Protein chains: 2
Amino acid sequence: MDARHDRSDFSNAKFDSGWSLRFSAEPAMHKPERAKLFSYHHRALILEEGDKASSVFEVLEGGVILFKLLPDGRRQIIEVLGVGDVFGLSATDVSDVAAEALTQVRVAVYDKRVIDSDAALRDRLFARLRQQMCALHDHALLLGRKSAQERVATFIMRLVPDRGGFACAGPKPGEGATRVDLAMTRQEIADYLGLTIETVSRAFSALRRTGIIAYDKQDAVAIGDVCRLCRLTGSH
Amino acid sequence: MDARHDRSDFSNAKFDSGWSLRFSAEPAMHKPERAKLFSYHHRALILEEGDKASSVFEVLEGGVILFKLLPDGRRQIIEVLGVGDVFGLSATDVSDVAAEALTQVRVAVYDKRVIDSDAALRDRLFARLRQQMCALHDHALLLGRKSAQERVATFIMRLVPDRGGFACAGPKPGEGATRVDLAMTRQEIADYLGLTIETVSRAFSALRRTGIIAYDKQDAVAIGDVCRLCRLTGSH
DNA sequence: CGCGGACTTGATCTGTCTCAAGTGCCGTGG
DNA sequence: CCACGGCACTTGAGACAGATCAAGTCCGCG
């Protein structure tokens, strides 16, 4: 292991923002006003790298992945977005990433002028952007410094609401196994975590073998002891 | 190599935003109004993970690195910031990253209320944030999918102004070797690129051996043929 | 001149990738 | 109802890029 900076008293546990993903529509979702609404089906391409995109997209329901391709076909999934997340704003008026629907998806598209004229909307989108920025920071740490096992453990933890982060609630007394829906294929998980599909598969198998997770359908995972999984993320 | 998605006709060259870094003060820098000004010397810690930070920091002169630590001491440098870049805004009012001065640095710190009341300032900071978001996207691709050699080549290219990106000017006729100042130690480069110091050193040595770069002092690099280096980044 | 810190280089180790078979499941058609 | 094909996933064996361990070298500074 390289890059050890001695801070043995230090843990970033309490600073981990503990963001997590939700694909189901928010019950009391902000009503989108002055926005165009679009729907996309599972796996539909919403935006390509280089598409003109000066508007802001907000996910109302479902999941979206943002990815980039290298000329030789290598793919990196940059962000996995859930309800409330935003995309489409790049430095230029051309998108720097491609966007694909992970599930059936509903999005609101706001014109630049609408955003300029609506302070509340702007604040909401901006707050979310800051949240996504933190997620990108976390993910850079994962991609640059975590082992395959730690990456997969971190990935699963991100799907558990209210756990593993900054304000982790701890296990609710008498709570059974937590169930999470991966909503991504092994290939997509691999492209997100900077691994190969085989390495991801082996990491899942290893977690299952040690009894930390269980699953029959491979995308519906039951976590017996969330804290035990959390300890494998490398962050705590 | 995994994750090949056949798009043989595709190149992301034209979408690469080609952001680059500048550490010297902008000649016609926006005059910071209603902001507190601070200076930090080389290697000074500006912000720690977990520090209260609800204000926005803007780099006026010099370079800043943002990084995260894992409890066992592994470090990942998340962003390398130059003049005009911003930091300090996280999802909560607590910083999710630490910030350190890479050089002698001058920063402006804006209070939240000042930003709310000044549309021009807000637009400027927001535009820069979008730019940094694109840089984070690019960097995720680098960390997740590029080889050591490609990472180092990409790193050096980012220090070359106006080249390798979206709107690459191409070589100026009659232009000699381009000189860039790395401004970072090998350890910092390694922590930024998700590699070890030895691997970074070997990559630099290999580039020198093949004549693509030259250097005496190890942080002052001369690039004979920028296009040749650019072809090693994996992006083009 | 001698020391320390940053870098380089070599030798070896190892985690992840690559290549190659599987296995399981689900939908289709006989 | 079952055979079939296709796709996603799993598993194993071996290769290899990059990490680790261990000397060096270079250079600035007291």
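Note that the structure is predicted; figures quoted are calculated from it, not measured. Residue numbers start from 1 in every chain, and the chains themselves are labelled A, B, ... in the order their sequence lines are given, proteins ahead of strands.
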Next item on the list: Let me know the distance between CD of B:Q218 and P of C:dT9, rounded to the nearest Å.
Entry: 12 Å
Next item on the list: State which of D:dC9, D:dT11, D:dC21 makes the closest approach to the side chain of A:R186.
Entry: D:dC9
Notebook entry, point to check: Taking atom P of C:dT16 as reference, at what distance in whole Å does atom CG of A:L142 sit?
Noted result: 12 Å
Notebook entry, point to check: What about A:E198: does its side chain form a donor-acceptor pair under 3.5 Å with the base of C:dC19?
Noted result: yes
Next item on the list: Please determine which of A:L81, A:L129, A:I78 meets the side chain to side chain contact (heavy atoms under 4.5 Å, CB included) test together with A:F87.
Entry: A:L81
Check: D:dA19 phosphate, OP1 or OP2: any side-chain N/O from B:T199 under 4.0 angstrom?
Finding: yes
Note to self: Under 4.0 Å, counting only non-hydrogen atoms across every strand here, what does A:S201 touch: a base, just sugar-phosphate, or nothing?
What the structure shows: base
Margin query: Do A:R186 and A:F204 form a cation-pi contact, if we require the NZ or CZ to be under 6.0 Å from the six-membered ring centre and within 45 degrees of the ring's axis?
Written below: yes
Check: What is the distance, rounded to the nearest whole Å, between atom CZ of B:R74 and atom C1' of C:dG15?
Finding: 13 Å
Check: Are A:R158 and A:H139 linked by a side-chain donor-acceptor pair shorter than 3.5 Å?
Finding: yes
Next item on the list: May I ask you to decide whether A:E150 forms a salt bridge with A:R231, counting only side-chain N to carboxylate O separations under 4.0 Å?
Entry: no
Note to self: I need the NZ-C1' distance between A:K217 and D:dT10, as an integer number of Å.
What the structure shows: 17 Å
Margin query: Short of 4.0 Å, heavy atom to strand atom, which residues of residues 146-157 of chain A count as contacting DNA chain C?
Written below: A:S147, A:A148
Checklist line | B:L69 versus B:R75, closest heavy-atom pair with distance | finding: CD2-CB, 3.5 Å
Checklist line | B:Y215 side-chain N/O to C:dT8 phosphate OP1/OP2 under 4.0 Å | finding: yes
Check: Would you say a side-chain N or O of B:R202 is under 4.0 Å from OP1 or OP2 of D:dG18?
Finding: no
Check: To the nearest Å, how far apart are B:D216 CG and C:dA6 C1'?
Finding: 16 Å
Notebook entry, point to check: Between atom NE2 in A:H42 and atom P in D:dA8, what is the gap in whole Å?
Noted result: 11 Å
Check: Could you state the CZ-P distance from A:F204 to C:dT23, rounded to the nearest angstrom?
Finding: 23 Å
Item checked: Lys/Arg N to Asp/Glu carboxylate O, A:D191 vs A:R74, below 4.0 Å -> no
Check: Within the pair B:T196 and D:dA19, is there a side-chain N or O less than 4.0 Å away from OP1 or OP2?
Finding: yes
Margin query: Check B:R43 with B:E188, please: is the shortest side-chain N to carboxylate O separation under 4.0 Å?
Written below: yes
Next item on the list: Please state how far atom CG in A:D191 lies from atom P in D:dA8, giving the value in whole angstrom units.
Entry: 13 Å
